[in-house]
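The first residue in the sequence is number 1, and the count goes up from there.
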Amino acid sequence: MRRIHPLVRDLYKRALTIGSDYPLGLPYVRKTWKAALKSPTSKGFMGNNLPKPFYVPGKGYDEKLIMAAVARGRYFLKEMVGVIQLKKYRA
């Protein structure tokens, strides 16, 4: 069984913290972030631009791809905060 990378785990925890105020609710945030973290090529952080998997058996993690995906995930967190602020202060 593979363990999750510490940066990815931290990103997921931040998403859950921010997601508690998200307009669609925490269950929606939890479902979409889990799907994005489990399969980043589907509609996750890197889109279809992922040339190879994050984890290669026998070689371990590809740190460059993980860092790129974490940076993209942090961008999504900032976008979530923007949506929350827009919803909160619009009316």
Side-chain angles (χ1 to χ4, degrees):
M1 183 170 101
R2 288 182 289 159
R3 292 175 18 197
I4 192 166
H5 195 276
L7 289 174
V8 177
R9 184 178 359 176
D10 180 58
L11 188 68
Y12 181 67
K13 286 181 182 180
R14 289 181 191 203
L16 292 182
T17 304
I18 293 171
S20 63
D21 294 332
Y22 197 69
L24 295 176
L26 187 59
Y28 172 79
V29 172
R30 184 178 289 130
K31 184 179 81 170
T32 54
W33 274 81
K34 273 191 180 180
L37 292 176
K38 285 183 180 178
S39 177
T41 56
S42 61
K43 58 177 186 178
F45 299 131
M46 299 299 285
N48 292 327
N49 299 327
L50 200 64
K52 55 186 176 179
F54 290 128
Y55 183 81
V56 179
K59 294 184 180 179
Y61 291 106
D62 187 356
E63 292 293 325
K64 288 183 181 179
L65 287 175
I66 289 176
M67 292 300 202
V70 167
R72 185 96 169 131
R74 288 181 180 156
Y75 171 77
F76 283 134
L77 287 177
K78 291 177 187 174
E79 290 292 320
M80 285 176 61
V81 169
V83 168
I84 291 168
Q85 289 175 350
L86 179 67
K87 173 79 174 168
K88 194 173 187 180
Y89 299 112
R90 180 171 37 175

Please find the pair of heavy atoms, one from [X] and one from [Y], that lie closest to each other, and give the distance.
X     : Y     : answer
Ile84 : Ile18 : CD1-O, 3.4 Å
Ala15 : Val29 : O-CG1, 3.7 Å
Leu26 : Leu16 : CD1-O, 3.5 Å
Leu77 : Trp33 : CD2-CZ2, 3.8 Å

State the CG-CD1 distance between Leu11 and Ile4, to the nearest 0.5 angstrom.
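Separation between the atoms: 9.0 Å.
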
If you round to the nearest 0.5 Å, how far is CG of Leu7 from CZ of Arg9?
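So the CZ of Arg9 and the CG of Leu7 are separated by 9.5 Å.
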
With the side chain counted from C-beta on, respond yes when Lys87 and Asp21 share a heavy-atom pair under 4.5 Å apart, and no when they do not.
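They are not in contact (no side-chain heavy atoms under 4.5 Å apart), so the answer is no.
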
Quick one: side-chain hydrogen bond (donor to acceptor under 3.5 Å, both in side chains) partners of Asp10, sequence neighbours excluded?
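Arg14.
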
With Phe76, which of Arg72, Lys78, Arg74, Met80 fulfils side chain to side chain contact (heavy atoms under 4.5 Å, CB included)?
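Checked Arg72, Lys78, Arg74, Met80 against Phe76; only one passes side chain to side chain contact (heavy atoms under 4.5 Å, CB included): Arg72.
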
